[in-house]
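Residue numbers begin at 1 in each chain, while the letters A, B, ... track the order of the sequences.
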There are 2 protein chains.
Amino acid sequence: MPTIDDVARAAGVSASTVSYVLSGKRTISGPTQERVRQAIADLGFRPHAGARALASARTSVIALMAPLRAGVDVNVIMQFVTGVVRRAREFDHDVLLLTQDDMAGIERVSHGSMVDAVIVMDVEADDERLPALRGLKQPAVLIGLPGDERGLTCVDLDFEEVGRLALRHLTDLGHRRVALIGPPPSVLERHTSYAERMLRGYRAQAEAAGLEVLVQPCEGTAVGARAATLAVLEAMPDLTGVVVHNESALPTVLSTLRREGRRVPDDVSLVAVCPAEVALSQSIALTAIDIPAQEIGGAAVDLVMDLLTPTPPPRPGGAAAPATAAAAPVEGTDPTGSPTGTGPTRATVAPHLFPPHVTVRETTAPPRRTPA
Amino acid sequence: MPTIDDVARAAGVSASTVSYVLSGKRTISGPTQERVRQAIADLGFRPHAGARALASARTSVIALMAPLRAGVDVNVIMQFVTGVVRRAREFDHDVLLLTQDDMAGIERVSHGSMVDAVIVMDVEADDERLPALRGLKQPAVLIGLPGDERGLTCVDLDFEEVGRLALRHLTDLGHRRVALIGPPPSVLERHTSYAERMLRGYRAQAEAAGLEVLVQPCEGTAVGARAATLAVLEAMPDLTGVVVHNESALPTVLSTLRREGRRVPDDVSLVAVCPAEVALSQSIALTAIDIPAQEIGGAAVDLVMDLLTPTPPPRPGGAAAPATAAAAPVEGTDPTGSPTGTGPTRATVAPHLFPPHVTVRETTAPPRRTPA
DNA sequence: CGCGGAGGCCGAATCGGTTCGACCACGGCA
DNA sequence: TGCCGTGGTCGAACCGATTCGGCCTCCGCG
């Protein structure tokens, strides 16, 4: 493994010059750059990550805490994960994967200076990790929305709106007898952020519309899903619409409805809340509010990068911000160029929420008029 | 962030003493150790990972290449991943996640000295990454079995035996008309190691038993699985047994059989090849050859640690090997204490193959006598 | 009583980069 | 012609650990 000194020698320059060629932090003449780059290529030089981290206090690694908790669909988790990894790579960063949901992992990699930042998934309403996260020397970004997000940066789909929208789509079609098949009890008991928010929005919308609300938690197993579907059918025999917020249950919900003689969408309309891939891999293409998991993961990385770039001193005659290329959702403060001063250390920016959309596929239709 | 010097000062010793207390590589007196540990606790000292990597040439990080390829079930991948992460943590190591399947990622982290070793998943029969892997300065462990594993360390379930065993279980029960619903075409076209090996074993066993072999590739989607099931039923209407080696297809295969009037296991027996969790979360508990994905992932880490511990010079009067606590499968050369000399740099050790077992649950039974 | 050896600790070199201050040469301007 | 500014490069300090050689002390033994 050649070192920077080897490169310097080969190029006939000093080590610092090589470093500056690499980082671009000082101007180096064209010919010199050329020689240096050539030497780097010839020798196959790759800077030693540890040495770099030691000297620059930057590791080019971000930690991703993706706890595999009971009740959360692995497919969805992996969507987030790949979104994060992909986007991180575009910023020349790697991802250290933490799967334990305790704080110890975070503290270890943080205090040990193994990472530049932390992204945390599966946030709960009153997450115990919050205070520790706030105390980190590295910035932290949450995927999800805890009850108190002060001092933290958050990004997620706007699940409250998801709840409203899902129901509204059905009522707009004319459905009045609707049930929600939700996440597993364990997820709710944990007060998982997305589940509670979705539920809140759904309930609010239902009450506003004067509908009876029927909410049925549901295990992700086949038997659990079957039981939940039957329970809903029994509690509301005249139901014509279902919202399903539970990826693992979808196949069984679908087949159970069928077995019970309810055709989809003729007899009952179904709108799912899940990633598009999941909606499309079912026995029938699901009308759904797609969870853009990959995008959200990517957005989390964008936020990390924002937090990592030293706040550009707000000089008015600005060469633009160094192109973080953040395709941020339309929300919160304007991504580029803060309107006025940078504000109180950007700690109070609004959470970045992606607006949800209904994608109509093959499982929703107006209720049949006959029973009316 | 306190440094080792701060600790040394607080404890009234030199920095090297602190280091030796931490590493245990030299004897330090009891009282001194006590003072040092106290100082560490008081200050909340955590060694700087970069500095440590620089000085010791060890990062305590291992790279895991887990490409998310079309056709491989995410649940299974994640089982491996968590197995790796968990076991790595037991050895005080962290995991850097690579999801691209190109070699660039590996080379980057390897040459940059970001990791101590590499674990590679989803190996193909003639994997193009092999030569590069052999050239790495860090050890590499494959989960899977390429055609030519010389110079590489491999671990996996013995999928050839899986193929034989699955079929044998059915024939032992008396079934003679059996079909295999396999992985998606894309997986086979890539010559994915596990798929080909399973198929080979299955074919061999079928021929040995003089059975007609019917193999049906199958997409992981609901429509794909339905199509595959119907195809098999049409090609072999009198079939009484199915082997399914395709996690994502299982729910639909099951429901399709049912819809076609074939009761499981009364009319047709089904044995799956999948992780136990998957077998148990179906509408009926599947008789299956469980893929111990977590264990295999853990075993990969064990192998990494073996490769990482400097080969204990084979002195006969041995204090035992430093307890890597490897629960290795019963295979290959004896894990501890090589029978004779350490052999040619352990490059030629046999691949570590886990022996498969059939776990009988509720989907297999003898064929009904009536049609005979 | 003297010597050898082991136990326990320290000092300094080292790992491989980054970064700041300084230096040099050259061009423009007065 | 002299001075200043600037673009381009170098040298050296520094980041925070690990590790090797050496030194001192104390004990045991002859």
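With sequence neighbours excluded, the residues satisfying side chain to side chain contact (heavy atoms under 4.5 Å, CB included) with B:Arg108 are A:Arg46, A:Arg89, A:Asp94, B:Leu98. In this structure A:Thr32 satisfies the side-chain hydrogen bond (donor to acceptor under 3.5 Å, both in side chains) test together with A:Ser29, sequence neighbours excluded. Here B:Ala57 pairs with nothing under the side chain to side chain contact (heavy atoms under 4.5 Å, CB included) rule; sequence neighbours left out. Listed by chain and number, the residues in a side chain to side chain contact (heavy atoms under 4.5 Å, CB included) with A:Pro131 amount to none (sequence neighbours excluded). Among residues two or more places apart in sequence or in another chain, the side chain to side chain contact (heavy atoms under 4.5 Å, CB included) test is passed with B:Leu54 by A:His48, A:Ala51, A:Leu54.
As a whole-Å value, the separation of A:Arg26 CZ from D:dG11 P is 14 Å. Between B:Arg58 atom CZ and D:dT19 atom C1' the separation is 15 Å, expressed in whole Å. In this structure, the CD1 atom of B:Ile4 is 14 Å from the C1' atom of D:dC15, given to the nearest Å.
The closest side-chain donor-acceptor pair between A:Ser14 and A:Thr17 falls under 3.5 angstrom.
Protein chain B contacts DNA chain C over a range whose 5' and 3' limits, counting nucleotides with an atom under 4.0 angstrom from a non-hydrogen atom, are C:dG8 to C:dG16.
Taking the charged nitrogens against the carboxylate oxygens, A:Glu124 and A:Arg69 do have a contact shorter than 4.0 Å, which makes a salt bridge.
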Under 3.5 Å, sequence neighbours excluded: what are the donor-acceptor pairs made by side chains of residues 33-40 of chain B?
unit_1  : atom_1 : unit_2  : atom_2 : d
B:Gln33 : OE1    : B:Arg37 : NH2    : 2.8
B:Gln33 : NE2    : B:Ile28 : O      : 3.2
B:Arg35 : NE     : B:Ala11 : O      : 3.1
B:Arg35 : NH2    : B:Ala11 : O      : 3.2
B:Gln38 : NE2    : B:Asp42 : OD1    : 3.0

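Applying the salt bridge (Lys or Arg N to Asp or Glu O under 4.0 Å) rule to pairs touching residues 127-144 of chain B yields B:Asp127-B:Arg129, B:Arg134-B:Asp148, sequence neighbours excluded.
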Between the protein and nucleotides 5-7 of chain D, list the N/O to N/O atom pairs that are separated by less than 3.5 angstrom.
none

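Where the helix from C:dC1-D:dG30 to C:dA30-D:dT1 starts and where it ends, the local axes point in directions that differ by 50°; five pairs per end, rounded to 10°.
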task = Test side chain to side chain contact (heavy atoms under 4.5 Å, CB included) on A:Leu307 and A:Val141 and set out the steps.
result = CA-CA 9 Å; A:Leu307 295 172; A:Val141 170; 4.0 Å; yes

inquiry  = Test side chain to side chain contact (heavy atoms under 4.5 Å, CB included) on A:Leu97 and B:Leu96; report intermediate values, then the result.
reply    = CA-CA 6 Å; A:Leu97 183 67; B:Leu96 197 73; over 6 Å; no

task = Show your working on side chain to side chain contact (heavy atoms under 4.5 Å, CB included) between A:Val120 and A:Val118 and close with a plain yes or no.
result = CA-CA 6 Å; A:Val120 177; A:Val118 177; 3.7 Å; yes

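Judged by distance alone, the side chain of A:Gln138 and the main-chain N or O of A:Val115 form a donor-acceptor pair under 3.5 Å.
Sorted by residue number, the list of members of residues 28-37 of chain B with any non-hydrogen atom under 4.0 Å from DNA chain D is empty. For DNA chain D, the residues of residues 5-25 of chain B within the heavy-atom distance limit of 4.0 Å (strictly under) are B:Ser16, B:Ser19, B:Tyr20, B:Lys25, sorted by number.
The structure places CG of A:Asp116 at 13.0 Å from CZ of A:Phe91, a figure rounded to the nearest 0.5 Å.
For the pair B:Asp122/B:Ile143, no side-chain contact is recorded, criterion being any heavy-atom separation below 4.5 Å from C-beta on.
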